[in-house]
J.: 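Quick one: the structure is below, and I'll ask about it shortly.
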Amino acid sequence: MPLYSFGSNSSSQLSLSHTDDVSIPTPCLFLSKPPAGPPKAIVAGGNHTILLYSSGEAFVTGNNSSGQCGLIPEEVGARIDAFTQFPSPPLLGSNCAEPGTNIESTSTQWGLCTAGWEFTVLVTNDGKRVYVCGGGSKGELGLGPSITSTLSLADNIPSTTLHLIPSFPPENTFITFLTSSITHVIAVLNTGAVYGWGMSRKGQLTPPSQTTPPKTIPYPTLIPLIPFPVARGGCTQETTLLLSADGTQHLLLSSSNPKWSLLSCLPLQSHLKDTLTLCTSWNGIYALLSTGALLAWGKSDHGQIPSSTMLAAMGSIQQIAIGSEHGLAVVTRDGDEERLVAWGWGEHGNCGRLEKGDVAGVREVHIPPPDDEMGRRGALDVSALDAQLAGFGLIGTRIHEGGI
């Protein structure tokens, strides 16, 4: 399955074996063969990228100066130029099983992944062990106030920068959802409880009733007083939106009225019902509903919050992905084939054109049609989509059967 990338590439986060920005979707390179089929998750950090497959395997590329790619920089370099296989979780009972390991966990595959500016968090596919790698001074590693890097910790998985977050999740629970912003992380448990760690001074990890939140929360900590079981959420730089399973209940975590009208423009309860995809930018929130409607609110100095005119120009929205200050969507109109469109901040080619400035309105991004093994040209079918924190797009495509 071809995988394409474009946009900001100063750390090889596009997996193209160079560091030039690219404005035309370009096939990514792999140093080892990935599993068949599209990745189930494309995860973007500040300048590194992780692909997670249904097989439980992961691949990584980009900036590794803080060990955020899970590999020791002295052994593989401070920059990884093309997708490289990520280390697997260790078997229990080996010398990698630190004190605090959930002894019920037997998984050697990854199930969930998220990334921030210089760190990566992964959960085993049984949801019972959490590992972190990279660096961060605001508690985002979840290892305590004195640990700001996993580069040289004694209890890392051998030959990696991966370190277990001990005694989490709590006994007899498992993690079902994981997401993060630049410097804070939330994990949702099967019970509907939410834990968070990292930067918290704006109330993004505490209940709204707590008027003086701590500056940081360096360990996974229960967020209390949530009035409903949480299923998923989204993190902007300074807020966290929590959502129930059916979307009829939601809560924005923020200690005061946040900037960019994130609270004052928050939809009424039940207006996020049947949310298919919840995305966040640095300062915006986007909800794609099952009706095809896109609700978006927040900062829009680059046109990253689409106007009604822009939404009308898109047609029927099938998928969305949001970066730091730009958006991507797969759209159709009147039964036509899928198209990829972009809007917002476009300085690095992350909206498909390499020039300073922003995309005026909505711009279609043309993807070279992929070839199959027989060299036949196929119609575009986008199966995975993501947008990078620092500004790029990554698209997984496959060929329709019978493509010519």
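We number each residue from 1, following the sequence as shown.
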J.: For the CZ atom of Phe86 and the SG atom of Cys113, what is their distance to the nearest 0.5 Å?
T.: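 Answer for the CZ-SG pair, Phe86 versus Cys113, is 7.0 Å.
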
J.: Tell me whether Thr280 contacts the main-chain N or O of Cys235 through its side chain, where contact means a donor paired with an acceptor under 3.5 Å.
T.: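 Checking the backbone N and O of Cys235 against the side chain of Thr280, a donor-acceptor pair under 3.5 Å is found.
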
J.: If the test is side-chain contact (heavy atoms from CB on, under 4.5 Å), which one of Thr216, Val185, Val194, Ile217 qualifies with Leu205?
T.: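 Testing each of Thr216, Val185, Val194, Ile217 against Leu205, the sole residue satisfying side-chain contact (heavy atoms from CB on, under 4.5 Å) is Ile217.
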
J.: Is it true that a side-chain atom of Thr49 and a backbone atom of Gln13 form a donor plus acceptor pair closer than 3.5 Å?
T.: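 Yes.
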
J.: Just by distance, do the side chain of Thr236 and the backbone of Gly284 share a donor-acceptor pair under 3.5 Å?
T.: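 Absent.
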
J.: Report the distance from atom CG of Asn64 to atom CG of Asn47, rounding to the nearest 0.5 Å.
T.: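 It is 12.0 Å, given to the nearest 0.5 Å.
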
J.: Using modelled atom types only, decide if a donor and an acceptor are shared between the side chain of Ser12 and the backbone of His18 within a distance under 3.5 Å.
T.: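 Such a contact is found between Ser12 side chain and His18 backbone.
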
J.: Please determine whether side chain to side chain contact (heavy atoms under 4.5 Å, CB included) holds for the pair Phe174 and Val123, giving the CA-CA distance in whole Å, both sets of side-chain angles, and the decisive distance to 0.1 Å.
T.: CA-CA 10 Å; Phe174 56 90; Val123 178; over 6 Å; no

J.: Return yes when atom NZ of Lys273 has more than 12 non-hydrogen atoms of other residues, nucleotides or ligands closer than 6.0 Å, and no otherwise.
T.: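 Result for NZ/Lys273: open.
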
J.: Would you mind reporting whether Leu91 and Thr108 have side-chain heavy atoms less than 4.5 Å apart?
T.: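 In short, these two side chains touch, coming nearer than 4.5 Å.
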
J.: Which heavy atom of Ile50 sits nearest to which heavy atom of Val60, and what is that distance?
T.: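 Minimum heavy-atom separation between Ile50 and Val60: CG1-CG2, 4.0 Å.
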
J.: Would a 4.5 Å heavy-atom cut-off, applied to side chains only, mark Phe168 and Ile175 as touching?
T.: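 In contact.
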
J.: Flag the pair Thr61 / Leu31 as yes when at least one side-chain heavy-atom distance between them is below 4.5 Å, and no otherwise.
T.: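 No, every pair of side-chain atoms sits at 4.5 Å or beyond.
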
J.: Could you walk me through whether Glu118 and Glu140 pass the side chain to side chain contact (heavy atoms under 4.5 Å, CB included) test, one step at a time?
T.: CA-CA 9 Å; Glu118 289 189 340; Glu140 55 266 62; over 6 Å; no

J.: A side-chain contact here means heavy atoms from C-beta on lying under 4.5 Å apart; do Thr291 and Asp274 qualify?
T.: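 Thr291 does not reach Asp274 side chain to side chain.
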
J.: As a quick check of understanding, evaluate side chain to side chain contact (heavy atoms under 4.5 Å, CB included) for Ser8 and Asp21, giving each step before the final call.
T.: CA-CA 5 Å; Ser8 179; Asp21 291 353; 4.2 Å; yes

J.: Taking atom CG of Asn63 and atom OG1 of Thr19, what is their separation to the nearest 0.5 Å?
T.: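 OG1 of Thr19 is found 12.0 Å from CG of Asn63.
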
J.: Taking Gln85 for the side chain and Glu57 for the main chain, is one N or O donor matched with an acceptor at less than 3.5 Å?
T.: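 Here the side-chain-to-backbone pair does not exist.
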
J.: To the nearest 0.5 Å, what is the distance between CD1 on Ile165 and CG on Leu141?
T.: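 Taking CD1 in Ile165 and CG in Leu141, the distance rounds to 8.0 Å.
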
J.: Can you list every pair that meets side-chain hydrogen bond (donor to acceptor under 3.5 Å, both in side chains) and has a residue in residues 182-200, with sequence neighbours left out?
T.: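 The answer is His184-Thr240.
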
J.: Could you report the tightest heavy-atom contact between Pro258 and Leu252, atom names first, then the distance?
T.: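 Pro258 and Leu252 have their closest heavy atoms at CG-CD2, 4.3 Å.
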
J.: Under the ring-ring contact (aromatic ring centres under 6.0 Å, His included) rule, collect the residues that match up with Phe30, sequence neighbours excluded.
T.: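 Partners of Phe30 under the ring-ring contact (aromatic ring centres under 6.0 Å, His included) test: Phe59, Phe83.
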
J.: Checking Thr332 now: which residues fulfil side chain to side chain contact (heavy atoms under 4.5 Å, CB included) with it, not counting sequence neighbours?
T.: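 So Thr332 forms a side chain to side chain contact (heavy atoms under 4.5 Å, CB included) with Ser316, Gln318, Glu338.
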
J.: Search all heavy atoms of Pro87 against all heavy atoms of Gly70 and return the closest pair with its distance.
T.: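 Residues Pro87 and Gly70, closest heavy atoms: CG-O, 3.8 Å.
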
J.: Could you check if a side-chain atom of Pro34 sits within less than 4.5 angstrom of a side-chain atom of Leu51, using non-hydrogen atoms only?
T.: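 SC-SC contact between Pro34 and Leu51 ruled out.
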
J.: Measuring from Leu29:CG to Leu3:CG, what's the distance to the nearest 0.5 Å?
T.: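 The distance works out to 10.5 Å.
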
J.: Taking the side chain from Trp110 and the backbone from Gly56, do they hold a donor-acceptor pair closer than 3.5 Å?
T.: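 Checking the backbone N and O of Gly56 against the side chain of Trp110, no donor-acceptor pair under 3.5 Å is found.
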
J.: Can you find a pair of side-chain heavy atoms, one from Leu189 and one from Pro170, that are under 4.5 Å apart?
T.: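 Side-chain contact under 4.5 Å: yes.
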
J.: Check whether any side-chain heavy atom of Phe6 sits under 4.5 Å from a side-chain heavy atom of Thr26, and report yes or no.
T.: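 The answer is no, as the side chains (C-beta and beyond) never meet within the 4.5 Å cut-off.
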
J.: I'd like to know if the side chain of Thr275 reaches the main chain of Ala287, judged simply by a donor and an acceptor atom lying under 3.5 Å from each other, with no hydrogens or angles considered.
T.: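 The answer is no, because no donor-acceptor pair under 3.5 Å joins these two groups.
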
J.: May I ask you to decide if the ring planes of Trp345 and His326 are parallel, tilted or perpendicular, using 30° and 60° as cut-offs?
T.: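 Plane angle over 60°, so perpendicular.
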
J.: For Thr206 versus Leu253, what's the shortest heavy-atom pair and its separation?
T.: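 For Thr206 and Leu253, the tightest heavy-atom pair comes out as O-CD2, 3.7 Å.
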
J.: Around Ile24, counting heavy atoms of other residues, nucleotides and ligands shown, do more than 12 lie under 6.0 Å from its CD1?
T.: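 Open: at most 12 neighbouring heavy atoms sit under 6.0 Å from CD1 of Ile24.
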
J.: Can you list the steps and then say if Gln249 with Asp246 is a side chain to side chain donor-acceptor pair (under 3.5 Å)?
T.: CA-CA 8 Å; Gln249 298 181 84; Asp246 61 3; 5.7 Å; no

J.: With sequence neighbours excluded, give me every ring pair (Phe, Tyr, Trp, His ring centres under 6.0 Å) pair touching residues 232-254.
T.: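 As it turns out, there is no ring pair (Phe, Tyr, Trp, His ring centres under 6.0 Å) pair with a partner in residues 232-254 once direct neighbours are skipped.
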
J.: At their closest point, which heavy atom of Ala187 faces which heavy atom of Leu178, and how far apart are they?
T.: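 Nearest heavy atoms, Ala187 then Leu178: CB-CD1, 4.0 Å.
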
J.: With respect to Thr161, which candidate in Cys133, Cys69, Ser66, Ser152 satisfies the side-chain contact (heavy atoms from CB on, under 4.5 Å) definition?
T.: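 Only match with Thr161 under side-chain contact (heavy atoms from CB on, under 4.5 Å): Cys133.
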
J.: Under a 3.5 Å distance rule, please check whether Arg333 uses its side chain to pair with a backbone N or O of Arg339 as donor and acceptor.
T.: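 Answer holds: no.
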
J.: Residues two or more places apart in sequence or in another chain: which of them pass side chain to side chain contact (heavy atoms under 4.5 Å, CB included) with Leu153?
T.: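 Expected list: Leu143, Ile147, Thr150, Asn156, His163.
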
J.: Mark yes or no for whether Ser54, through its side chain, and Lys40, through its backbone, hold a donor-acceptor pair below 3.5 Å.
T.: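 No, Ser54 side chain to Lys40 backbone: no donor-acceptor pair under 3.5 Å.
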
J.: Using the side chain to side chain contact (heavy atoms under 4.5 Å, CB included) criterion, which residues pair with Ser88? Sequence neighbours excluded.
T.: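 For Ser88, no residue satisfies side chain to side chain contact (heavy atoms under 4.5 Å, CB included) once neighbours in sequence are set aside.
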
J.: Restricting to non-hydrogen atoms, name the atom on Trp343 and the atom on Gln304 that form the minimum distance, rounded to 0.1 Å.
T.: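 So the minimum-distance heavy-atom pair works out to NE1-O, 2.9 Å.
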
J.: For the backbone of Asp20 and the side chain of Asn9, can you confirm whether one donor and one acceptor N or O come within less than 3.5 Å of each other?
T.: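 Judged by distance alone, yes, a pair lies under 3.5 Å.
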
J.: Passes side chain to side chain contact (heavy atoms under 4.5 Å, CB included), Trp297 versus Ile285? Steps please.
T.: CA-CA 6 Å; Trp297 64 102; Ile285 301 173; 3.6 Å; yes

J.: Can you check whether Tyr286 reaches Ile305 side chain to side chain, under 4.5 Å on heavy atoms?
T.: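 Heavy-atom side-chain distance check passes, below 4.5 Å.
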
J.: Give, for atom CD1 of Ile322 and atom OG1 of Thr277, the distance between the pair rounded to the nearest 0.5 Å.
T.: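 Rounded to the nearest 0.5 Å, the CD1-OG1 separation comes to 10.0 Å.
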
